[in-house]
Amino acid sequence: MKQIVWHERTAFGALLTMAAGGLDAYSYLEHGEVFAGLQTGNLILFGVQLGQGHFAGSGRYLISLTAFFIGTIIVRALQEHAWLGAHDKTRRETIVLYAAALLLVSAAISPWVSDQVATVLLSIAAAAELQEFRRLNAGPFTPLMMTGNLRTLADSFFSATWRHDAAASQQLRRTGTIMLTFAIGAGLVAFLRQWMSEFTVVVPAVGLLIAWGYLLMTPAETGDA
């Protein structure tokens with residue numbers, strides 16, 4: 001059986017999804033009802049605004065879509081970098097720290113910049129998380145979008161209850177954990193926003209910094225340079 005590397009384990013994925021849920025809740029609540037990571041939602045809202053003739057209002061969604069696109073290219077370039085590309089553990093640490101730093105910069109400048117500028121930083125950070133971490137427990141994974149996880153949850157539930165499949169029961173617990181932490185991240189941001197306002201983005205940033213700390217403390221996996 002293939003050993004599951006640390007950054008693909010449920011605990012680490014839970015940190016990523018908690019940060020992602022908090023990030024999307026923050027960007028939606030504090031910066032013009034735009035999602036930082038959930039670009040499907042932005043694309044729908046962009047189309048709705050256009051369909052209703054609100055051409056000026058559609059621009060904020062296009063800004064996030066464009067920033068996410070650019071953010072993905074930035075991380076793709078880091079992945080192809082001659083040195084970082086050959087050192088998987090160091091690259092992961094760098095990208096997690098880079099995303100956390102973008103959130104902290106956003107927290108520092110949000111009171112003095114427009115929603116659009118803040119959205120650019122947040123969407124670039126979300127893109128970094130999605131581009132680098134796409135596997136969990138040796139299977140496909142996305143920390144930003146829960147639709148696929150909801151399908152997996154239902155499928156695992158059926159197999160675990162109907163067929164009494166032990167592997168499905170384990171998958172059910174893992175997927176449930178990921179979805180729960182995503183909701184916890186969003187709920188925590190919504191709860192703390194009444195006191196922290198623009199600075200609530202520190203909450204998902206702390207989640208990423210904890211994930212970064214765990215990466216620092218774990219040894220390189222077999223196959224890492």
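Here the structure is a predicted model, which means the values were calculated and not measured.
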K.L.:
Side-chain heavy atoms nearer than 4.5 Å, only ILVMFWY residues, links allowed to pass through others: does that put Phe182 and Phe191 together?
P.N.:
yes
K.L.:
Just so I know, are the side chains of Leu208 and Leu16 near enough to count as touching, which here means a heavy-atom distance under 4.5 Å?
P.N.:
yes
K.L.:
Parallel, tilted or perpendicular: which one describes the rings of Phe158 and Trp162, with boundaries at 30° and 60°?
P.N.:
parallel
K.L.:
Is it the case that one hydrophobic cluster holds both Leu15 and Leu180, taking links as side-chain heavy atoms less than 4.5 Å apart, direct or via other members?
P.N.:
yes
K.L.:
For Leu153 and Met179, which heavy atoms make the closest approach, and how far apart are they?
P.N.:
CD2-SD, 3.9 Å
K.L.:
Between Leu209 and Leu97, is the side chain to side chain contact (heavy atoms under 4.5 Å, CB included) condition met? List the steps.
P.N.:
CA-CA 7 Å; Leu209 288 173; Leu97 187 59; 4.0 Å; yes
K.L.:
Quick check for you: to the nearest 0.5 Å, what is the distance between Glu132 atom CD and Glu93 atom CD?
P.N.:
11.0 Å
K.L.:
Please check if Leu50 and Ile44 belong to a single hydrophobic cluster, counting links between Ile, Leu, Val, Met, Phe, Trp and Tyr side chain heavy atoms closer than 4.5 Å.
P.N.:
no
K.L.:
Quick one: CD1 on Ile210 to CG on Leu215, what's the gap to the nearest 0.5 Å?
P.N.:
12.5 Å
K.L.:
In the structure I gave you, are the side-chain heavy atoms of Val203 and Leu23 within less than 4.5 Å of one another anywhere?
P.N.:
no
K.L.:
Which is it for Asp165 and Gln171 under the side chain to side chain contact (heavy atoms under 4.5 Å, CB included) test, yes or no, and what are the steps along the way?
P.N.:
CA-CA 10 Å; Asp165 188 325; Gln171 182 65 51; over 6 Å; no
K.L.:
Could you give the distance from CZ (Phe12) to OG1 (Thr218), rounded to the nearest 0.5 Å?
P.N.:
8.0 Å
K.L.:
Could you state the interatomic distance from CZ (Arg92) to CD (Gln79), rounded to the nearest 0.5 Å?
P.N.:
10.5 Å
K.L.:
Does the side chain of Met217 reach to within under 4.5 Å of the side chain of Tyr214, using non-hydrogen atoms?
P.N.:
yes
K.L.:
I want to check something: taking the side chain as every heavy atom from C-beta on, are Val34 and Asp115 in contact at a cut-off of under 4.5 Å?
P.N.:
no
K.L.:
If you take all heavy atoms of Ala36 and Ser27, which pair is closest and at what distance?
P.N.:
N-OG, 2.9 Å
K.L.:
Is there a donor-acceptor pair under 3.5 Å between the side chain of Ser197 and the backbone N or O of Arg193?
P.N.:
no
K.L.:
Run the side chain to side chain contact (heavy atoms under 4.5 Å, CB included) check on Leu38 and Tyr28 step by step: do they pass?
P.N.:
CA-CA 10 Å; Leu38 188 60; Tyr28 186 85; over 6 Å; no
K.L.:
Heavy-atom distance under 4.5 Å between the side chains of Met146 and Thr17, does that happen here?
P.N.:
yes
K.L.:
Would you say Trp112 ends up clustered with Val105 if hydrophobic residues are merged whenever their side chains have heavy atoms under 4.5 Å apart, either directly or through other cluster members?
P.N.:
no
K.L.:
A side-chain contact here means heavy atoms from C-beta on lying under 4.5 Å apart; do Leu121 and Ile109 qualify?
P.N.:
yes
K.L.:
Using 0.5 Å steps for rounding, measure from the CG atom of Leu29 to the CD atom of Gln194.
P.N.:
11.5 Å
K.L.:
Leu103 and Ala125: which non-hydrogen atoms are nearest, and at how many Å?
P.N.:
CD2-CB, 3.7 Å
K.L.:
How about Leu65 and Leu43: do any of their side-chain heavy atoms sit closer than 4.5 Å?
P.N.:
yes
K.L.:
Might you point out which heavy atoms bring Ala14 and Thr177 nearest each other, and give the distance in Å?
P.N.:
CB-CG2, 4.4 Å
K.L.:
So do the side chains of Arg60 and Thr119 get within less than 4.5 Å of each other, counting heavy atoms only?
P.N.:
no
K.L.:
Just do the side chain to side chain donor-acceptor pair (under 3.5 Å) check on Ser64 and Ser123 with the steps written out, would you?
P.N.:
CA-CA 6 Å; Ser64 182; Ser123 297; 2.8 Å; yes
K.L.:
Restricting to non-hydrogen atoms, name the atom on Gln49 and the atom on Tyr61 that form the minimum distance, rounded to 0.1 Å.
P.N.:
CG-CE1, 3.7 Å
K.L.:
Let me check something: do Leu102 and Ile70 share a hydrophobic cluster, defined by ILVMFWY side-chain heavy atoms less than 4.5 Å apart, either directly or through other members?
P.N.:
yes
K.L.:
Parallel under 30°, tilted from 30 to 60°, perpendicular over 60°: which one fits the rings of Tyr26 and His31?
P.N.:
perpendicular
K.L.:
Should Ile74 and Gln131 be marked as a side chain to side chain contact (heavy atoms under 4.5 Å, CB included) after you check the CA-CA gap, both sets of side-chain angles, and the distance that decides it?
P.N.:
CA-CA 10 Å; Ile74 291 172; Gln131 177 61 23; over 6 Å; no
K.L.:
Calculate, to the nearest 0.5 Å, the distance between atoms CZ and OH belonging to Arg91 and Tyr98 respectively.
P.N.:
14.5 Å
K.L.:
Taking all non-hydrogen atoms of both residues into account, name the closest pair between Ala126 and Gly37 and its distance.
P.N.:
CB-CA, 3.7 Å
K.L.:
Is a side-chain N or O of Thr72 found less than 3.5 angstrom from the main chain of Phe68, in a donor-acceptor match?
P.N.:
yes
